[in-house]
Amino acid sequence: MARPTSMAARRELGGELRRLRGERRGAEVAALLGWSESKLSRIETARTGISDADLERLLRVYAGTHGDRARLRELARRGRVRVWWAPYRSSVAEPYDEFVAFEAEAVVICEWETQVVPGLLQTDEYARAVIEVGAEVRDPETAHRRTALRMARQTVLTRDPPPQLCVVLDESALRREVGGRAVLRRQVQRLYEASQRPGVELRVLPFAAGAHAALGEAFVIFEFGPERAPVVHSEDLVGGQLRTKPSDVRVYREAFADLRRRALSVPETRELIARTGHALG
């Protein structure tokens with residue numbers, strides 16, 4: 001199982017430290033350490049990392065087990081590591097850092113897209129056309145950096161071992177001429193090639209499927225294996241939202257299962273993509 005990196009490691013560390021704090025108030029613990037309460041809060045909410053010295057002091061207060069200490073030291077170390085996408089951080093919102101981290105660590109990625117081709121399967125010209133219409137993208141340099149980051153993210157599919165990618169794509173994404181007809185044609189060809197890759201399951205939900213359990217919301221489910229809880233990322237106009245509550249994750253899993261049942265089979269999807277490409281010329 002891939003180990004958490006950077007922001008995801010900080011998030012996991014903060015959750016574990018909050019668990020160890022138990023019923024004690026943050027102000028009480030901070031006072032014992034000579035810290036401000038806001039410092040402890042920033043560590044627990046993953047807004048900042050923690051030094052080895054501060055972690056050791058905190059663990060002495062919490063009297064954690066030897067196993068706790070070893071694992072938390074490793075999380076703290078990884079939370080300070082410079083990740084590959086660090087050069088792009090200035091061009092994206094902070095929550096996106098967590099999204100990229102989860103994507104890099106997941107062993108299974110299940111994605112439902114309602115309007116556009118998923119980022120992991122986009123061509124660079126299609127990606128740029130999508131990014132340029134974003135409400136918060138106001139200059140060409142930001143669009144360029146975000147496009148470069150999206151293309152760099154795609155290397156997750158060639159890591160060893162790669163994640164299992166399962167995508168259900170609404171048929172409208174095959175028809176919407178993002179970037180123009182020629183850009184869409186090349187994007188559809190990329191989808192056809194992706195549908196033949198090992199570890200990629202691509203299905204199209206046809207218009208004829210009618211209503212379904214995920215109308216109006218795109219989302220991704222990241223699975224990390226039996227030792228770590230899954231995370232859902234849902235998208236809206238002002239960014240994304242991460243959901244970790246087990247009952248919420250269950251709703252999204254059930255919705256994705258419904259989408260897969262209603263979608264075309266993998267061979268039928270490949271045939272539809274091929275026909276669409278031919279129709280685009």
Side-chain angles (χ1 to χ4, degrees), residues 99 102-123 126-127 129-130 150-151 153-159 161-179 183-225 230-236 240 243 248-280:
F99 176 89
F102 288 134
E103 185 178 74
E105 297 154 14
V107 296
V108 179
I109 302 172
C110 297
E111 182 163 2
W112 156 241
E113 262 298 348
T114 60
Q115 302 291 333
V116 297
V117 171
L120 289 179
L121 302 179
Q122 290 176 2
T123 64
Y126 184 98
V130 171
R150 187 163 299 181
M151 294 300 99
R153 281 173 42 210
Q154 295 180 3
T155 59
V156 73
L157 298 179
T158 58
R159 78 177 189 215
Q164 178 186 344
L165 177 64
C166 182
V167 172
V168 179
L169 181 66
D170 192 85
E171 185 177 353
S172 62
L174 296 180
R175 315 291 184 183
R176 181 166 290 102
E177 294 186 7
V178 173
V183 171
L184 179 61
R185 182 177 65 251
R186 289 187 286 272
Q187 177 60 73
V188 169
Q189 177 60 32
R190 171 70 63 84
L191 277 179
Y192 185 82
E193 294 166 359
S195 73
Q196 298 177 304
R197 295 182 61 166
V200 174
E201 178 187 301
L202 178 58
R203 296 173 182 265
V204 167
L205 185 75
F207 294 136
H212 54 81
L215 284 169
E217 184 178 11
F219 61 87
V220 186
I221 306 171
F222 297 114
E223 306 271 2
F224 305 99
V231 175
V232 173
H233 179 272
S234 57
E235 194 74 33
D236 56 37
R243 304 176 190 273
D248 289 347
V249 173
R250 183 172 63 252
V251 169
Y252 281 91
R253 278 175 160 168
E254 291 172 354
F256 193 78
D258 180 65
L259 290 164
R260 285 187 75 229
R261 284 193 298 268
R262 296 173 185 272
L264 299 175
S265 68
V266 171
E268 290 170 334
T269 291
R270 193 173 295 133
E271 182 181 346
L272 175 61
I273 291 172
R275 289 202 309 269
T276 303
H278 289 318
L280 288 168

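Values below: every heavy atom of this structure, side chains too, minus hydrogens, waters and symmetry copies.
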Visitor: What pairs with E177 under side-chain contact (heavy atoms from CB on, under 4.5 Å), at least two apart in sequence or on another chain?
Guide: R181, L184

Visitor: Under a 3.5 Å cutoff, is there a donor and acceptor pairing between the side chains of R270 and Q196?
Guide: no

Visitor: Could you pull out the closest heavy-atom pair between A104 and V156, with the gap in Å?
Guide: CA-CG2, 4.1 Å

Visitor: Is there a donor-acceptor pair closer than 3.5 Å between any side-chain N or O of T269 and the backbone N or O of V204?
Guide: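 Judged by distance alone, yes, a pair lies under 3.5 Å.
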
Visitor: Could you tell me whether the side chain of W112 and the main chain of V167 form a donor-acceptor pair under 3.5 Å?
Guide: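 No: the side chain of W112 does not pair with the backbone of V167.
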
Visitor: If the condition is side-chain contact (heavy atoms from CB on, under 4.5 Å), which residues does E201 pass it with, not counting sequence neighbours?
Guide: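 Counting only residues at least two positions away or on another chain, E201 forms a side-chain contact (heavy atoms from CB on, under 4.5 Å) with C166, R203, R260, V266.
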
Visitor: Are the side chain of R262 and the backbone of A257 linked by a donor-acceptor contact shorter than 3.5 Å?
Guide: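 Absent.
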
Visitor: Distance-only, no hydrogens or angles: does the E268 side chain make a donor-acceptor pair with backbone N or O of S265 under 3.5 Å?
Guide: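 It does hold such a pair.
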
Visitor: Verify side chain to side chain contact (heavy atoms under 4.5 Å, CB included) between E103 and L120, making sure each step is shown before the conclusion.
Guide: CA-CA 10 Å; E103 185 178 74; L120 289 179; 3.6 Å; yes

Visitor: Scan R190, R150, Q187, R153 and name whichever one has a side-chain hydrogen bond (donor to acceptor under 3.5 Å, both in side chains) with Q122.
Guide: R150

Visitor: Report the C-alpha separation of L174 and L191 in whole Å, then their side-chain angles, then the decisive distance to 0.1 Å, and conclude whether the side chain to side chain contact (heavy atoms under 4.5 Å, CB included) test is met.
Guide: CA-CA 9 Å; L174 296 180; L191 277 179; 3.6 Å; yes

Visitor: For Q115, is there any backbone N or O sitting under 3.5 Å from a side-chain donor or acceptor partner on D170?
Guide: no

Visitor: Do the side chains of R175 and E171 get close enough for a salt bridge, i.e. N-O under 4.0 angstrom?
Guide: yes

Visitor: Check whether the side chains of Y252 and E217 place a donor and an acceptor atom closer than 3.5 Å, and report yes or no.
Guide: yes

Visitor: Would you check if the side chain of R176 reaches a backbone N or O of V178 as a donor-acceptor pair within less than 3.5 Å?
Guide: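 Not at all, since once roles are kept as given, no pair shorter than 3.5 Å links the two residues.
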
Visitor: Take R275 and E271 through the salt bridge (Lys or Arg N to Asp or Glu O under 4.0 Å) test and state the conclusion after the steps.
Guide: CA-CA 6 Å; R275 289 202 309 269; E271 182 181 346; 3.3 Å; yes

Visitor: Does E111 use its side chain to pair, donor to acceptor, with the backbone of F222 at less than 3.5 Å?
Guide: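 No, the answer is negative, given that no donor and acceptor are paired below the 3.5 Å cut-off.
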
Visitor: Any non-hydrogen side-chain atom of V200 less than 4.5 Å from a side-chain atom of S195?
Guide: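 Sidechains of S195 and V200: no contact.
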
